[in-house]
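The block underneath contains the structure these notes are about, expressed in structure tokens.
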Amino acid sequence: MTKSETLFQRAVKVMPGGVNSPVRAFGSIGASPKFIKSAEGAYLYDEDGNRYIDYIGSWGPMILGHGQPGVLDCVIEACKRGLSFGAATAPEVEMAELVCELIPSIEMVRMVNSGTEAVMSAIRLARGYTKRNKIIKFTGCYHGHSDGLLVKAGSGAMTSGIPDSLGVPVGCTQDTLSADYNNLDSVKGHFERCGEEIAAVIVEPVAANMGVVPPKPGFLEGLRSLCDQYGALLIFDEVITGFRLGICGAQGYYGIKPDLTTFGKIIGGGMPVGAYGGSREIMELVAPVGGVYQAGTLSGNPVAMAAGIAQLMILKEHPEYYVQLNEHANKFYQNIQEILKKSGRPYRVNHVGSLGCLYFTDTEVVDYESAKTSDTKAFTDYCNYMIGHGVYLAPSQFEAMFLSMAHTEEMLQETLKIIEEYFQ
Ligand SMILES: *Cc1c(COP(=O)(O)O)cnc(C)c1O
């Protein structure tokens with residue numbers, strides 16, 4: 001038995017499913033998880049000494065690659081000064097100034113500890129600001145695991161939300177309306193029915209939790225104008241896209257200004273960090289200035305801020321990194337599509353910047369319904385082959401591939417070779 005298998009046997013006895021987050025379990029591909037011991041650059045090493053080219057990057061945060069020396073040094077220095085004080089610190093001011101400088105739609109920001117917390121708080125704020133209760137979310141978009149956002153996908157949830165998880169009272173989701181990604185009419189329908197009750201529309205500007213689904217031209221613009229027309233707030237959940245598509249995130253990439261933005265993943269540089277921000281007018285409604293209560297013992301933690309600031313500073317100082325990453329990625333995903341074509345597979349590759357997904361379907365994937373046409377059995381076989389050959393992919397058809405700035409041309413070529421071998 002491998003060390004990973006032995007660890008997994010111990011893990012399942014003391015942790016539900018043997019993991020602390022369901023996405024880490026390999027059950028959906030009929031395997032058991034690799035236990036990772038260390039990482040460097042774009043490589044992961046498991047407990048058995050196997051090396052993998054990492055296409056998860058901790059689900060996004062490691063855009064500079066693992067163990068970036070500039071980030072590590074800042075974290076070590078911060079640790080020496082103290083792990084947590086529960087009091088105001090200079091790094092929090094520095095982080096807030098940095099976010100406000102980098103993201104034009106943000107004048108004030110509040111740090112939290114996860115993407116879930118950021119979105120949950122932004123929704124509360126939108127409701128407090130508009131004094132309305134309903135929100136619109138898109139089927140297949142993930143916004144963390146807070147009660148009101150775990151709403152079942154599909155047309156059954158068109159008018160009233162149906163809980164997606166046990167333990168979520170219907171009362172918590174009755175104000176969550178579902179719409180179809182890339183379908184403005186489904187949003188318009190809600191607004192026409194109850195526009196004066198809708199506090200906010202929340203959207204992943206590139207949907208990256210049902211594989212990767214780019215917004216169709218006009219989709220995000222349409223959301224912006226519907227929100228303006230009905231006095232609702234537009235919330236961009238940029239937990240994945242923020243500081244990834246570019247230093248200004250998806251809002252910079254597509255040129256749309258949301259009212260509120262949520263961050264997570266990259267903003268923490270690998271530490272548990274989330275944030276939400278927007279205009280001063282809206283943000284001054286947050287406690288202790290305003291009446292929307294939100295707090296956190298470890299929020300703005302100095303070690304977490306050190307990691308986040310260090311990573312953001314490197315990204316800010318090197319705009320050419322994004323150009324290179326996006327160029328590399330574009331070529332990489334196009335090459336996968338080429339390989340599929342050459343081997344006579346009708347499968348689809350969706351990609352935006354460094355995010356991409358190979359769908360095992362011949363249907364164009366534009367929303368949740370079309371994503372679901374993917375042959376997950378075929379994906380399982382492919383995924384196991386790739387991991388078995390040293391390419392670490394998310395063990396699910398409906399997750400993105402995350403390229404980092406540490407992926408070299410050679411690593412990408414090596415990966416393409418393995419993909420080609422598989423399809424032959
Ligand atoms: C990961 C993710 C979240 C939740 O963030 P956590 O840090 O896992 O709580 C929210 N929104 C999006 C778009 C995400 O990808």
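One-based numbering, in listed order, for ligands and for the atoms of each. Worth knowing before you read on, the calculation uses all heavy atoms, side chains too, and leaves out hydrogens, waters and symmetry mates.
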Does the ring center of Tyr385 lie less than 6.0 Å from the ring center of His389? yes

Enumerate the atoms of ligand 1 whose separation from the nearest heavy atom of Glu204 is less than 4.0 angstrom. 13 (C)

Structural part of His143 in contact with ligand 1, heavy atom criterion under 4.0 angstrom: backbone

Does the pair Arg224/Glu221 count as a salt bridge with the N-to-O cut at 4.0 Å? no

Once you restrict to heavy atoms under 4.0 Å, what part of Thr116 touches ligand 1? Side chain, backbone, both or neither. both

Within the 4.0 Å heavy-atom cut-off, what Lys265 brings close to ligand 1 is side chain

Does the Arg127 side chain pair with the main chain of Lys134, one donor and one acceptor, at a distance under 3.5 Å? no

protein heavy-atom neighbour closest to atom 7 (O) of ligand 1 works out as Gly115 N, 2.9 Å

Taking it one step at a time, do Lys34 and Glu47 satisfy salt bridge (charged side-chain N to carboxylate O under 4.0 Å, His left out)? CA-CA 8 Å; Lys34 309 294 177 195; Glu47 291 282 352; over 6 Å; no

Nearest protein heavy atom to atom 11 (N) of ligand 1, by residue and atom, and its distance? Asp237 OD2, 2.7 Å

For ligand 1, is His145 a contact, meaning one of its heavy atoms is under 4.0 Å away? no

Calculate, to the nearest 0.5 Å, the distance between atoms OG and CG belonging to Ser165 and Leu149 respectively. 12.5 Å

Mark up the atoms of ligand 1 that fall under 4.0 Å of a heavy atom belonging to Ile240, in ascending order. 15 (O)

Taking the side chain as everything from C-beta on, heavy atoms only, tell me whether Leu298 gets closer than 4.5 Å to Ser84. yes

Please work out, at 4.0 Å between heavy atoms, whether the side chain, the backbone, both, or neither of Asn209 comes within that distance of ligand 1. side chain

Are Phe332 and His351 an aromatic pair, judged by ring center distance below 6.0 Å? no

At a 4.0 Å threshold, what atoms of ligand 1 neighbour a non-hydrogen atom of Ser114? 7 (O), 9 (O)

